[in-house]
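Notes follow the structure.
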Amino acid sequence: QASSIFILLKLKCESLGQGSFTRIFKGSKIDIRDGERHVTDVLLKELDANHKNCWEVRAAAIVTHLIMLRWSSLNLADVMVQEFVKFGALDLFLKREGSVSVSWKLDVAKQLASVLNFLEEKNITHGNICAKNLLLAREGDASQGSSPFIKLSDPGINVTMLGRDVVLDRIPWVAPEVLEAPERLELECDKWSFGATLWEIFNGGQAPLQGLDLERKLQFYETYKQLPSSEWTELADLISQCMNYQPAFRPSCRSIIRQLNSLITSGTSRELIAVKKLQ
Ligand SMILES: N#Cc1ccc(Nc2nc(N)cc(-n3ccc(CO)n3)n2)cc1
C-alpha cells in the first residue's frame with residue numbers, strides 16, 4: 001500500500017483574514033506518493049486559545065501521517081484544514097472589486113438560494129449565512145462567458161455556544177428570534193440571514209449596520225427596523241420579505257429562487273436600458 005505522507009506546511013504567518021475566533025493561514029499540503037510530489041494549496045483555520053474547547057473539530061482530513069514541520073506553531077488538534085478557495089471570501093472580494101454587474105450579483109444570489117434550498121430539503125440549518133462565509137471559487141468573466149462560482153463555508157462555532165455579545169454583534173445577520181432563544185435556530189433563520197447577505201452583495205460587500213455599537217444593534221431589532229432599502233423596489237421587497245420579524249412569514253426557498261429569476265429578467269433589461277441611455 002502506497003504510504004502517503006501528508007506534510008502540512010505553514011508557509012506564511014500573516015493571516016488571510018479572520019473569522020470570529022479563528023486565524024486563517026494559507027498553507028500547502030504536500031503528498032508524497034510513490035515518490036511523486038503533489039502540492040495543493042490549503043487554508044488552515046486555527047482556533048484562538050480561549051475557544052479551543054468548543055471547536056467541534058471534524059476529522060477534516062483522513063491522514064496517515066501528519067507531520068507538522070518544526071517551525072509551524074500550529075497544534076493539530078485546533079486546526080481545521082479546508083481547500084484553499086481561489087478568490088476568498090465574497091465580502092472582501094466585493095470590496096476589492098467594487099464594480100461587478102447586476103447579473104453577476106444575481107447569479108451569486110441564486111447559487112446561495114439553491115444551496116439553502118438543498119439544506120432545507122435535508123432539514124439542515126447552517127446558522128451563519130453571510131458574505132464572509134461565501135467563498136468565490138471562480139471569478140466569472142462575462143466577456144469570456146464564464147459565470148462566478150461560490151462555495152458556502154462552514155458555519156464555525158454553533159451560535160448556541162457563543163456569548164451574548166458575539167451574537168449581538170452578528171446583528172443583522174442573526175435572526176431576531178435567535179437572540180431570545182439561540183436553541184430556536186431553525187431553517188427560517190437562514191432565510192433572514194439570506195436577506196442580510198443579499199443586502200451585502202448589492203452594497204459592495206460593506207457590512208450592514210457597520211459601526212453601530214451592540215446597544216444600537218439591539219435597538220434595531222427591538223424597534224423592528226429594516227435595512228436601508230435599495231432603489232430597486234423588487235430587490236428591496238425580496239430582502240424585506242426574507243427579513244420578516246415573523247419567521248413563518250419568510251418566503252420558501254422556491255419562492256426566493258422564483259423572485260430572483262424575475263429579478264434576473266427585469267435586472268438585465270434594466271441594465272440594457274441604462275446602457276442605451278449612456279449611448
Ligand atoms: N486575497 C485573498 C484571498 C484570501 C483567501 C483565499 N482563500 C480562502 N479559502 C478558504 N477556504 C477560506 C477563506 N476565507 C477567507 C476568510 C474566511 C472566513 O471564514 N475564510 N479564504 C483566497 C484569496
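Read the numbers this way: they start at 1 and go in the same order the structure lists the ligands and their atoms. Start at 1 with the first residue, then count along the sequence.
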Problem - Distance flag, aromatic centroids of W104 and F149, threshold under 6.0 Å - result: no
Problem - Side-chain donor-acceptor contact under 3.5 Å, K110 with N261 - result: yes
Exercise for the section: Output yes when the distance from some N or O of ligand 1 to some N or O of V85 is under 3.5 Å, and no in every other case. Expected result: yes
Completion exercise
Contact region, L135 to ligand 1, non-hydrogen atoms below 4.0 Å, reads side chain
Problem - Check: K132 N/O within less than 3.5 Å of ligand 1 N/O - result: no
Exercise for the section: May I ask you to list the atoms of ligand 1 that are less than 4.0 angstrom from any heavy atom of I24? Expected result: 14 (N), 15 (C), 16 (C), 17 (C), 20 (N)
Practice task
Between R96 and ligand 1, find which residue part has any heavy-atom pair under 4.0 Å and reply side chain, backbone, both or neither.
Solution key: side chain
Practice task
Tell me yes or no: between the side chains of Q259 and D237, is some donor less than 3.5 Å from an acceptor?
Solution key: no
Problem - side-chain hydrogen bond (donor to acceptor under 3.5 Å, both in side chains) against E186, all qualifying residues, sequence neighbours excluded - result: none
Practice task
For ligand 1, find out whether one of its N or O atoms is nearer than 3.5 Å to an N or O atom of K86.
Solution key: no
Handout entry: Ligand-residue contact atoms, ligand 1 with N133, heavy atoms, under 4.0 Å
Key = 19 (O)
Handout entry: Aromatic contact, W192 with F249 (centres under 6.0 Å)
Key = no
Problem - Residue pair K217 / D169, side-chain heavy-atom distance below 4.5 Å - result: yes
